[in-house]
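Some notes on the structure that comes next.
Each chain gets a letter, A, B and so on, in the order its sequence line appears, and its residues count up from 1.
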Amino acid sequence: MKFSRYLVPTLKEDPSDASIMSHRLMIRAGLIRKESAGMYIYLPLGMRVLRKVIDIVREEMDRSGALEFLMPELTSADLWKESGRWQTMGPEMFRIKDRNSLEYALAPTHEEAFTNAVRSIVSSYRDLPLNAYQINTKFRDEIRPRFGIMRSKEFIMKDAYSFDMDKEGLEQSYQAMRRAYRTIFKRCGIETIPVEADTGSMGGSDSEEFMVASEVGEEVLLLCPECKYKANQERAEYQRPEPANEAAEELRTVETPDVRTIDELAAFFNCSADRFLKSLIYLADGVPVMAVVPGNREINEVKLKKALGANELELAPDSVVQSVTKAPVGFAGPVNEFNVRTVCDISVKTIHNAITGANQKDRHFAGVNAGRDFIVKEEFDITSAKAGDTCPKCGSAMNERRGIEVGHIFKLGYKYTKSMNLTVLDEKGKAVHPIMGCYGIGVNRTMAAVVEQNYDEKGILWPISVAPFHVHLVGIAKADDEIAAAEEMYTSIRASGIDVLFDDRRVSPGIKFADADLIGIPIRVTVGKSFFQNDEIEIKLRRQSEIVKVRHEELLTKLRTIIEEEASRLRG
RNA sequence: CGGGAUGUAGCGCAGUCCGGUAGCGCGCUGCGUUCGGGACGCAGAAGCCGGGAGUUCAAAUCUCCCCAUCCCGACCA
């Protein structure tokens, strides 16, 4: 491809609305442009990268035995009503009507659509196992799209759904995907950390997320340096400290005028935050519940929601807090009897002589002991693990890192096959529900993650597997014969089947080199002075600073060798 | 949805406090000189100053309303 005939609108300055490197670089390098919030245009160069990522995903999915489909984006409301998610999906699902007022969703995911398709097509155990996938656009009305193509309203996802006769089959399908995912991300040139994960609104049991470690990641991961325990904070467990051996004090009331927050209380009582029991009022599906956790701990709403079995969970407004506790916000506690459901973190009963709100304005209780002063009726793990907490498996102190979720695999179970009544006949002619697994990869998010992990101060450093071109040929030619020679070079490289971008623009060399660095094609070939005078062609890898000079006739062989070397580093 | 900020040429920004003919840098077009790490000169094109309403002789600038974008939080595969 000739640069002069291509369209690569590189920018010298950072766009004002891009906060993370991958977003900045993808816009500056002319890969994408913003159309509006959460919607992006893929320019030709960006499209090439996207296609390479898609090709890798498709190859590995096909290799795993999965079958590619293409599903409608418009999914009829009936399907969603069948599974019950028309209600539970909430406002993130785009809902539209056609001219006859029939309702549809712009698919945010395709469990229903695939289950329905398989239901109507497959009727025998002989057709299973089946892993059906597609690479298609998804729509989500994100509360806050951000970070460019990392979180957008419209994004490309590879989603796969496996159907097996039994749990053993599902396990095999799941493991096949685990392997395929590791290969896919390795081939894309990114390091991922597979972590245990929450299954979210999809429902299910075993679940693994593939995270790209990144400062700007939206997920928090807990990693044990000793054993292999790795989990998303949404789900990470941790061991609670042993209770201190303390004699129980008398329960007493303390006047605490205007002391509400844990920080204020710690200062007022001159003790550490873990001495307090923090009591928060939530609305679980609209019903008030109280959650009690140690004062130095954050409530984990994902865990709480799951513990409560709730679909919707939100912090209750002040008015509800007041009507439940009969006190202003800041003085809630578990000691008095309420007729609201109260759930405690599993550590609550180990805290002796705690301080809690007294459910009266400006009063707290001190010397509170679970079991004596209030009964722990329900206890769950409802607090978030954090750096330094002890690993649930081996007891070592865990580390915290941030990550970007690029892939997610999990065992779905029977949720959709039962709710939508998908059955096949087994060997004995009996109708059984297949068991499902679900496997997603954020394709354009993966592309962003590649950049997030591969750049320097000058621009992107594409791994050769997803680079828009393999070779960036920079022609620095003045005279007509030089221009012709550079052109000839381009023709011969291209004729040899190497993917080459030829910068034939009539601009100064500085601009060409700066653009080459910014765009980040892995191999740069320069034909200039040294070529026209000494027949020496310069080869420079984007990741390295050395320049290798080769003679004309060696060039193609050398390029093939480098391409092969670069590619072999990324093979699974 | 709460808190904060910003909307002025394709991009990055000044001008707004204190009302008086729309500016700078980059990019773009033409001509010339340059030509191995973002060259230079000359000449150009390009803006309903986010939208609406108001105040005023006069509004990018003041007032009110709306919209959009970004950041933090809440929320979310």
Distance under 6.0 Å and angle within 45° of the ring axis: does A/Arg95 meet both against A/Trp86?
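Yes - A/Arg95 lies over the ring of A/Trp86, closer than 6.0 Å to its centre and within 45° of its axis.
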
Considering only the [atom1] atoms, how many Å lie between [N] and [M], rounded to the nearest integer?
{"N": "B/A45", "M": "B/C1", "atom1": "P", "answer": "46 Å"}
{"N": "B/C18", "M": "B/U29", "atom1": "P", "answer": "43 Å"}
{"N": "B/A74", "M": "B/G3", "atom1": "C1'", "answer": "11 Å"}
{"N": "B/A68", "M": "B/G25", "atom1": "C1'", "answer": "26 Å"}
{"N": "B/G20", "M": "B/A39", "atom1": "C1'", "answer": "41 Å"}
{"N": "B/A53", "M": "B/G10", "atom1": "C1'", "answer": "31 Å"}
{"N": "B/C48", "M": "B/C42", "atom1": "C1'", "answer": "33 Å"}
{"N": "B/C11", "M": "B/U63", "atom1": "P", "answer": "28 Å"}

Quick one: sort the [X] and [Y] rings into parallel, tilted or perpendicular, breaks at 30° and 60°.
{"X": "A/Phe114", "Y": "A/Phe69", "value": "perpendicular"}
{"X": "A/Tyr439", "Y": "A/Tyr174", "value": "tilted"}
{"X": "A/Phe3", "Y": "A/His472", "value": "tilted"}

If I take atom [atom1] in residue [X] and atom [atom2] in nucleotide [N], what distance separates them, rounded to the nearest angstrom?
{"X": "A/Arg28", "N": "B/C11", "atom1": "CZ", "atom2": "P", "answer": "16 Å"}
{"X": "A/Lys305", "N": "B/A74", "atom1": "NZ", "atom2": "C1'", "answer": "13 Å"}
{"X": "A/Phe147", "N": "B/C76", "atom1": "CZ", "atom2": "C1'", "answer": "14 Å"}
{"X": "A/Glu314", "N": "B/C76", "atom1": "CD", "atom2": "P", "answer": "11 Å"}
{"X": "A/Glu142", "N": "B/C76", "atom1": "CD", "atom2": "C1'", "answer": "6 Å"}
{"X": "A/Arg505", "N": "B/G37", "atom1": "CZ", "atom2": "C1'", "answer": "13 Å"}
{"X": "A/Lys34", "N": "B/C11", "atom1": "NZ", "atom2": "C1'", "answer": "13 Å"}
{"X": "A/Ile27", "N": "B/U69", "atom1": "CD1", "atom2": "P", "answer": "14 Å"}

Between A/Ser19 and A/Ile143, name the one whose nearest nucleotide on RNA chain B is closer to the 5' end.
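That would be A/Ser19.
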
Residue mapping more 5' on RNA chain B - nearest nucleotide basis, A/Asp517 or A/Pro145
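Final value for this comparison: A/Asp517.
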
What contact category does A/Asp515 fall into here, base, sugar-phosphate, or nothing, at under 4.0 angstrom with non-hydrogen atoms?
base

Using a 4.0 Å heavy-atom cut-off, does A/Arg506 contact any base of the nucleic acid, only the sugar-phosphate backbone, or nothing at all?
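A/Arg506: no heavy atom of the nucleic acid under 4.0 Å.
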
Nucleotide paired to [N] in any strand shown, Watson-Crick or G-U, under 3.5 Å:
{"N": "B/G20", "answer": "B/C57"}
{"N": "B/G44", "answer": "B/C28"}
{"N": "B/G38", "answer": "none"}
{"N": "B/U6", "answer": "B/A68"}

Would A/Glu546 and A/Lys540 count as a side-chain contact (heavy atoms from CB on, under 4.5 Å) if you check the C-alpha gap in whole Å, the side-chain angles of each, and the deciding distance to 0.1 Å?
CA-CA 6 Å; A/Glu546 306 90 273; A/Lys540 180 185 168 299; over 6 Å; no

Measuring from the side chain of [X] (C-beta onward, heavy atoms only), which nucleotide among [options] has the closest atom?
{"X": "A/Ala514", "options": "B/G25, B/G38, B/U69", "value": "B/G38"}
{"X": "A/Ala37", "options": "B/C71, B/G38, B/U69", "value": "B/U69"}
{"X": "A/Arg151", "options": "B/A74, B/C76, B/G25", "value": "B/C76"}
{"X": "A/Phe513", "options": "B/G27, B/G37, B/G73", "value": "B/G37"}

If you apply the rule side-chain contact (heavy atoms from CB on, under 4.5 Å), what do you find for A/Met489 with A/Phe502, and how did you get there?
CA-CA 9 Å; A/Met489 181 67 56; A/Phe502 173 37; over 6 Å; no

